[in-house]
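What follows is a set of notes on a single structure, which appears directly below.
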2 protein chains.
Amino acid sequence: MSRSAVSRTFTDGASVSPKMRKKVEKAAQDLGYSPNALASSLTTGRTKLIGLVSNNFHNPLFLEIFDLFTRGLQDHGLRPLLVNLTDETDPQNSVRMMRQYSVDGVVVASSTLPPAFAGAFRDAGVPVVHSFGRYSSSPEVHVVGIDNVECGRMAARTLIESGYDDLAFLGGPETATSTQDRLAGFAQEVAKHPQVRMRSSFAAAYTFDAGRAEMLRLTQGNPAKAYFCGDDVLSIGALSALAEAGLRVPEDIGVIGLNDMEMAGWQNINLTTIRQPIEQIVRSSIELMESMLEDAGRYPEARIFPCKVIERGTLKPKA
Amino acid sequence: MSRSAVSRTFTDGASVSPKMRKKVEKAAQDLGYSPNALASSLTTGRTKLIGLVSNNFHNPLFLEIFDLFTRGLQDHGLRPLLVNLTDETDPQNSVRMMRQYSVDGVVVASSTLPPAFAGAFRDAGVPVVHSFGRYSSSPEVHVVGIDNVECGRMAARTLIESGYDDLAFLGGPETATSTQDRLAGFAQEVAKHPQVRMRSSFAAAYTFDAGRAEMLRLTQGNPAKAYFCGDDVLSIGALSALAEAGLRVPEDIGVIGLNDMEMAGWQNINLTTIRQPIEQIVRSSIELMESMLEDAGRYPEARIFPCKVIERGTLKPKA
DNA sequence: AATATTTTTGCAACCGGTTGCAAAAAGAAT
DNA sequence: ATTCTTTTTGCAACCGGTTGCAAAAATATT
């Protein structure tokens, strides 16, 4: 029973006779031995470690996303090494760290990080997919997500079909690419309808407080009749502000969100929103990652999934 | 410039002359070299990998907890290897996995897992701390969390002080130790007040839907005047049910939750609740883990942090 | 300047596995 | 029974680092 024999019984596809395997397994059992994954990575070059880096640790939607990612990766025998990107952390730092731990790949799960961030991994030779990233027809790296421009159009279309003609976009931080894209689509669709007017403003962050603050400010003046908020949490903040201002939803003002996080379906929130198919996005991201593990040189690809409107109670029913 | 010289420039405290260090650093720069953490772990026996295992991927509070843990660990140069424990996964399985990846330690972040689960790691010789675990005066493993019995008492006391005398406990799953402890404390305090009556019931899970369903059921009959719900999400579900049943809070029925997750402070929820000091618990857990990395044989210790009532709008103001 | 002391450096063995290759064992064919 | 194949096994080198130890270099002492 040599060292190689042991190694071979634990790597499937290797040539070991049934009896040798039995013998080794028995011994392993008795000694409580199990192979050291890290040592083996040294020669095989694979760690099965996947860096999961995100900066969205305040949006409950991302708990759902982390749940899906961790379960999905585990099911494929991969291990998520979690990286919480705060504002201070230097991107290059996390790139270096990921390399030191020889991760097999990195998935960047964030709707607010710029494409260049994910690019840094690719430049370092680490397979990377950017989930929930910005759609581009010629992506720098693999991107899996939604078409934010189309979502903007969809929101405008929905509001208009519901009979609103005084619209507004309440976005997240003006610098986030997702915000810009959604606004662009929204404006584009509105432009097709001469009788419809629109305006826009921005919350400081994709948070309840920011949404509420901005909507409170808006209710001081002369608010629009229907708002497309760039995110569900933002929407809920806005709804809170509206309630506090004594305005009824949807009778006085309509609201449509984006994401369809679990909470949006809660009966006391009941938010009409555009559903982002996170299960599909995550599943597809993992599949893409797996295929890159086989062939790292794969040409960057954008996988875009369609969104759909989930009608609940914050918009007047369509006529 | 030998291999050892390189190794020494990257391990602090090693004997290298300034000029040698410069030379190595220059070369590393040019070649884009950075040491392989996994290879080094082979000889040093330390990976700086910490298993972060949890089964609470549906409670938004845990997003806050993951945020704190990942940031905290990162700040100490440790890397969280995330494990999502689903119902199907065999505990032994994750123990083996953690050993294969030679994690330096494991933190079990869960209020619902039994102490025995964390014990399995200890038995395997892996340093472990159970955060948000059940308090015990003679813990099997290090536990950091709150005293659920005392929380139960505190809830009852608060309700009684607010003038309610027809109380009820609306717990999570009856099997969860946290539920049992909270109920015990609640009942214990009520027993001191002969004029106060109480009852109890249980939601199927610590979720909005379960809380709502149970409260809807209760409103069919003759509900109590004030409820202590075993968790904020549960409370919010209950609040939704009460609103749907046309009952006013706090005028008709009072509600107090537990956890004080971010959402509880949202103006349109405004839940009176018992705050669990998660920042302290997480910080302390990490400190404890660090000290175990030095001295693995440390005697199991229970660190319990006090909770406090956060008064908001779901209880009648104290007289 | 010669010697003693301290610091820096490189050698070589080791950490715990994997893997190409040749020797040994088992099975098939004659 | 002998020879030819095929399968199984062990040897030894390697993955990318660390570290005790002795040799070499730099500093200090007389």
Side-chain angles (χ1 to χ4, degrees), chain A residues 1-49 51 77-79 81 95-104 124-126 293-294 296, chain B residues 1-49 77-79 81 95-105 124-126 293-294 296:
Chain A
M1 187 160 68
S2 67
R3 204 138 65 112
S4 355
V6 178
S7 172
R8 285 194 253 259
T9 63
F10 285 101
T11 47
D12 35 29
S15 155
V16 220
S17 66
K19 53 179 113 130
M20 175 60 89
R21 157 159 280 135
K22 273 276 163 298
K23 217 166 64 170
V24 173
E25 276 167 352
K26 170 86 170 52
Q29 189 71 41
D30 295 347
L31 277 60
Y33 167 91
S34 85
N36 180 328
L38 269 21
S40 96
S41 85
L42 211 43
T43 46
T44 59
R46 305 203 111 35
T47 54
K48 306 226 166 198
L49 250 28
L78 299 169
R79 317 281 168 227
L81 195 57
V95 173
R96 200 159 35 105
M97 199 216 103
M98 292 286 100
R99 290 211 337 170
Q100 292 185 320
Y101 280 85
S102 329
V103 296
D104 287 350
V126 182
L293 298 184
E294 245 103 79
Chain B
M1 187 161 70
S2 66
R3 205 139 64 113
S4 354
V6 179
S7 171
R8 285 194 256 257
T9 62
F10 285 100
T11 47
D12 34 29
S15 155
V16 219
S17 68
K19 52 179 115 134
M20 175 59 90
R21 156 159 281 136
K22 272 276 164 298
K23 217 166 61 171
V24 173
E25 275 166 353
K26 170 85 170 53
Q29 189 71 40
D30 295 347
L31 277 59
Y33 166 90
S34 85
N36 180 328
L38 269 20
S40 97
S41 84
L42 251 195
T43 47
T44 60
R46 305 201 111 35
T47 53
K48 305 225 169 202
L49 251 27
L78 299 170
R79 317 283 168 225
L81 195 57
V95 173
R96 199 160 33 109
M97 199 217 100
M98 292 288 101
R99 290 212 336 171
Q100 290 184 310
Y101 279 84
S102 333
V103 296
D104 287 350
V126 181
L293 298 184
E294 247 102 80

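Convention: sequence-line order gives letters A, B, ...; per-chain numbering from 1.
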Provide, to the nearest angstrom, the distance between the [atom1] atom belonging to [X] and the [atom2] atom belonging to [N].
X	N	atom1	atom2	value
B:Tyr101	C:dG16	OH	C1'	15 Å
B:Arg46	D:dT18	CZ	P	14 Å
A:Leu38	D:dT18	CG	P	14 Å
A:Leu42	D:dG17	CG	P	8 Å
A:Tyr33	C:dC15	OH	P	14 Å
B:Lys19	C:dT7	NZ	C1'	11 Å
A:Leu31	C:dG16	CG	C1'	15 Å
B:Lys22	C:dT8	NZ	P	15 Å

Partners meeting side-chain contact (heavy atoms from CB on, under 4.5 Å) with A:Lys23 (sequence neighbours left out):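 By the side-chain contact (heavy atoms from CB on, under 4.5 Å) rule, A:Lys23 matches A:Met1, A:Met20.
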Please give me the minimum heavy-atom distance between [X] and [Y], naming the atom from each residue.
X	Y	value
B:Arg8	B:Ser15	CD-O, 3.6 Å
A:Leu38	B:Ser102	CD2-OG, 3.9 Å
B:Leu42	A:Ala39	CD2-CB, 3.8 Å

Any base atoms under 4.0 Å from B:Thr11, or only sugar-phosphate, or nothing? Heavy atoms, all strands. sugar-phosphate
Categorize A:Val16 for me: base, sugar-phosphate, or nothing, with a 4.0 angstrom heavy-atom threshold over every strand shown. sugar-phosphate
Could you go through A:Val126 and A:Val95, starting from their C-alpha distance and side-chain angles, then the distance that decides it, and tell me whether this counts as side-chain contact (heavy atoms from CB on, under 4.5 Å)? CA-CA 9 Å; A:Val126 182; A:Val95 173; 5.8 Å; no
Under 3.5 Å donor-acceptor, B:Arg46 side chain and B:Leu293 backbone: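 Yes, because the side chain of B:Arg46 sits within donor-acceptor range (under 3.5 Å) of the backbone of B:Leu293.
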Closest to the side chain of A:Ser7, out of C:dG17, D:dT18, C:dT8, is C:dG17
So if I take every side-chain heavy atom of B:Ser17 and compare against C:dT8, D:dT9, D:dG17, which nucleotide ends up nearest?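 Of all the options, the side chain of B:Ser17 is nearest to C:dT8.
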How far does [atom1] of [X] sit from [atom2] of [Y], to the nearest 0.5 angstrom?
X	Y	atom1	atom2	result
B:Tyr101	A:Ser41	OH	OG	8.5 Å
A:Gln100	B:Phe10	CD	CZ	8.5 Å
A:Asp104	A:Thr47	CG	OG1	3.5 Å

Using Watson-Crick and G-U wobble pairs with both distances under 3.5 Å, what is the 5'-to-3' dot-bracket string of DNA chain C, with [ ] for crossing pairs and | for pairs outside the strand? ||||||||||||||||||||||||||||||
Using a cut-off of under 3.5 Å, enumerate the N/O to N/O pairs linking the protein to nucleotides 10-12 of chain D.
| residue | atom | partner | partner atom | Å |
| --- | --- | --- | --- | --- |
| D:dG10 | OP1 | A:Met1 | N | 3.0 |
| D:dG10 | OP2 | A:Ser2 | N | 3.0 |
| D:dG10 | OP2 | A:Ser2 | OG | 3.2 |
| D:dG10 | N7 | A:Arg8 | NH2 | 2.8 |
| D:dG10 | O6 | A:Arg8 | NH2 | 2.7 |
| D:dC11 | N4 | A:Ser4 | OG | 3.1 |

If you assign B:Thr43 and B:Ser15 each to the DNA chain C nucleotide with the nearest heavy atom, which residue ends up on the more 5' nucleotide? B:Ser15
